[in-house]
Asks: 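Structure provided below as structure tokens; questions to follow.
The chain is numbered in sequence order, starting from 1. Side chains included, hydrogens not; waters and symmetry mates left out as well; all remaining heavy atoms used.
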Amino acid sequence: MSQKLVNAIANRDGAALAKIYGGQAANLQSIVNPDAEKLVDALFRQLKQVFPAASQTNLRSEADESAAKKQWIAAFAENGIRTKEQLSAGMQHARASESPFWPSPGQFIAWCKQGVIRASGLPDAAGLYDLVMDYAKRRGLYSSAEAFPWSSNAAYWMVTKLYSEMRSLNLTESELLKHCGKELTAMSKRIEAGEPIPAPVVQIPKLHMPVSNEKALSKIAEIRAKLNMPRKS
């Protein structure tokens, strides 16, 4: 086995693997991941039923389909897509898609992740943002965060963490939405792994949160500007 091939497999570099093997009949999928081959074969059969025009565009020949499968297998390996449940979640979105065009690997992976989040009973990023705003608005009505009427244990842990980050880092709406997306991905992985999400417990409030030097200097400059304090020379 050549060093180039060893490096390509180690790096899950589908493009490099495809280049190395070119038009040879070697079974590239089995080198990358034996289980992935079966999953992608079954997935392509289903996708071709949903997007029948693909046989006239993206998948006009067996060579086209073989090359496409190699790319999808590599993309799945790079993004942690490896279970039937994840692919089923992606297929649900595919069936509901109004677009007649065959999805890219990146688009389908995004569908898989969104579907897994929904299947875990979690909201999308916008829904989680709304939960944070609702908590910020009504939290004063309750004796503690733990007394707030949470819809789930997961909601409690995500919302209280995001609310703390929003306050301490002075996040904008777009920044908070990004944090919501990351928090949902992390929580869905915990749920998918079978990790029990504990019930709310009283937490010691975080009085400060570390920030970068650049962020700290920016905050100091902002405070100085508000107080009309001149910069020190």
Asks: If we ignore hydrogens and angles and just use 3.5 Å, is the side chain of Y156 paired with the main-chain N or O of F148 as donor and acceptor?
Replies: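 No; judged by distance alone, with no hydrogens or angles, the pair does not exist.
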
Asks: Applying side-chain contact (heavy atoms from CB on, under 4.5 Å), name anything that partners A147, two or more places apart in sequence or on another chain.
Replies: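 Here the qualifying residues are Y142, S143, S144.
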
Asks: How close do L177 and A125 get, counting heavy atoms only, and between which atoms?
Replies: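 So the two residues come closest at CD2-O, 3.8 Å.
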
Asks: Residues two or more places apart in sequence or in another chain: which of them pass side-chain contact (heavy atoms from CB on, under 4.5 Å) with T83?
Replies: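 Partners of T83 by the side-chain contact (heavy atoms from CB on, under 4.5 Å) criterion, ordered by chain and then number, come out as E85, Q86, E192.
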
Asks: Report the residues that fulfil salt bridge (Lys or Arg N to Asp or Glu O under 4.0 Å) with E173, sequence neighbours left out, ordered by chain and then residue number.
Replies: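 Result, salt bridge (Lys or Arg N to Asp or Glu O under 4.0 Å) vs E173: none returned.
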
Asks: Grab the two heavy atoms, one from I109 and one from A75, that are nearest each other, plus how far apart they are.
Replies: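 For I109 and A75, the tightest heavy-atom pair comes out as CD1-O, 3.6 Å.
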
Asks: What distance separates L43 CG from K84 NZ, expressed to the nearest 0.5 Å?
Replies: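 Those atoms lie 12.5 Å apart.
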
Asks: Can you confirm whether M133 sits close enough to M166 that some side-chain heavy atom of one is under 4.5 Å from a side-chain heavy atom of the other?
Replies: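 Counting from C-beta outward, M133 and M166 do come under 4.5 Å.
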
Asks: Do the side chain of S97 and the main chain of H93 share a donor and acceptor less than 3.5 angstrom apart?
Replies: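 Not at all, since once roles are kept as given, no pair shorter than 3.5 Å links the two residues.
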
Asks: Check whether more than 12 heavy atoms from other residues, nucleotides or ligands sit under 6.0 Å from atom CD of E195, and answer yes or no.
Replies: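 Result for CD/E195: enclosed.
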
Asks: Check the angle between the aromatic planes of F76 and W72 and answer parallel, tilted or perpendicular using the 30° and 60° thresholds.
Replies: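 Perpendicular: the ring planes of F76 and W72 meet at over 60°.
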
Asks: Quick check: do K113 and T185 have side-chain heavy atoms less than 4.5 Å from each other?
Replies: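 K113 vs T185: side chains apart.
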
Asks: Do the non-hydrogen side-chain atoms of E165 and L176 ever get within less than 4.5 Å of each other?
Replies: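 Not touching, per the 4.5 Å side-chain cut-off.
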
Asks: Among residues at least two apart in sequence or on other chains, which ones pass side-chain contact (heavy atoms from CB on, under 4.5 Å) with A68?
Replies: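 By the side-chain contact (heavy atoms from CB on, under 4.5 Å) rule, A68 matches F44, L59.
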
Asks: Which pairs pass ring-ring contact (aromatic ring centres under 6.0 Å, His included) with one or both residues in residues 159-201, sequence neighbours excluded?
Replies: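 The answer is Y135-Y163.
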
Asks: Q56: which residues meet the side chain to side chain donor-acceptor pair (under 3.5 Å) condition with it, sequence neighbours left out?
Replies: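 Per chain and number, Q56 pairs via side chain to side chain donor-acceptor pair (under 3.5 Å) with no residue.
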
Asks: Show your working on side chain to side chain contact (heavy atoms under 4.5 Å, CB included) between M91 and V50 and close with a plain yes or no.
Replies: CA-CA 9 Å; M91 275 306 304; V50 177; 3.8 Å; yes

Asks: Only counting residues at least two apart or in another chain, list the ones meeting side chain to side chain donor-acceptor pair (under 3.5 Å) with S88.
Replies: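 Residues passing side chain to side chain donor-acceptor pair (under 3.5 Å) with S88: none at all.
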
Asks: How far apart are the C-alpha atoms of F101 and T57, what are their side-chain angles, what is the distance that settles it, and do they pass the side chain to side chain contact (heavy atoms under 4.5 Å, CB included) test?
Replies: CA-CA 9 Å; F101 299 109; T57 54; over 6 Å; no

Asks: Is any side-chain heavy atom of Q46 closer than 4.5 Å to one of L87?
Replies: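 They are not in side-chain contact.
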
Asks: Got a second to check how far S151's OG is from L131's CG, nearest 0.5 Å?
Replies: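 Rounded to the nearest 0.5 Å, the OG-CG separation comes to 6.0 Å.
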
Asks: Using side chain to side chain donor-acceptor pair (under 3.5 Å) as the criterion, list what pairs up with E175, not counting sequence neighbours.
Replies: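 Expected list: T172.
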
Asks: Can a donor-acceptor pair be found, under 3.5 Å and without considering hydrogens, that links the side chain of W150 to the backbone of W157?
Replies: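 Between the backbone of W157 and the side chain of W150 there is no qualifying donor-acceptor contact (under 3.5 Å).
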
Asks: Mind checking what makes side-chain contact (heavy atoms from CB on, under 4.5 Å) contact with Q107, not counting sequence neighbours?
Replies: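 Partners of Q107 under the side-chain contact (heavy atoms from CB on, under 4.5 Å) test: P103, S104, W111.
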
Asks: Could you report the tightest heavy-atom contact between C180 and L128, atom names first, then the distance?
Replies: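 Shortest heavy-atom contact: O-CD2, 3.7 Å.
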
Asks: Measuring only between side-chain heavy atoms, which start at C-beta, is P200 closer than 4.5 Å to T160?
Replies: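 Side-chain contact under 4.5 Å: no.
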
Asks: With sequence neighbours excluded, tell me which residues meet salt bridge (Lys or Arg N to Asp or Glu O under 4.0 Å) with R95.
Replies: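 Residues passing salt bridge (Lys or Arg N to Asp or Glu O under 4.0 Å) with R95: none at all.
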
Asks: Mind listing the closest non-hydrogen atom pair of A54 and W102 along with its distance?
Replies: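 Heavy atoms only, the tightest pair is CB-CE3, 3.4 Å.
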
Asks: How close do P196 and P198 get, heavy atom to heavy atom, and via which atoms?
Replies: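 It is O-CD, 3.4 Å.
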
Asks: So, the side chain of S164 versus the backbone of K161: is there a donor-acceptor pair under 3.5 Å, distance only?
Replies: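 Here the side-chain-to-backbone pair does not exist.
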
Asks: Rounded to the nearest 0.5 Å, what's the gap from OG on S152 to CG on L122? Could you check?
Replies: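 Here the interatomic distance stands at 7.0 Å.
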
Asks: Tell me, please, which residues at least two apart from D130 pass side chain to side chain donor-acceptor pair (under 3.5 Å).
Replies: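 With neighbours one apart ignored, the set is empty.
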
Asks: Just do the side chain to side chain contact (heavy atoms under 4.5 Å, CB included) check on M158 and L184 with the steps written out, would you?
Replies: CA-CA 8 Å; M158 291 191 296; L184 282 167; 3.9 Å; yes

Asks: Salt bridge (Lys or Arg N to Asp or Glu O under 4.0 Å): which pairs involve residues 43-62, sequence neighbours left out?
Replies: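 Qualifying pairs: K48-E65.
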
Asks: Are V201 and I197 linked, directly or through intermediate hydrophobic residues, by side-chain heavy-atom contacts shorter than 4.5 Å (ILVMFWY only)?
Replies: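 Yes.
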
Asks: Nearest 0.5 angstrom please: K182 NZ to L162 CG, how far?
Replies: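 Going from NZ on K182 over to CG on L162, the span is 11.5 Å.
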
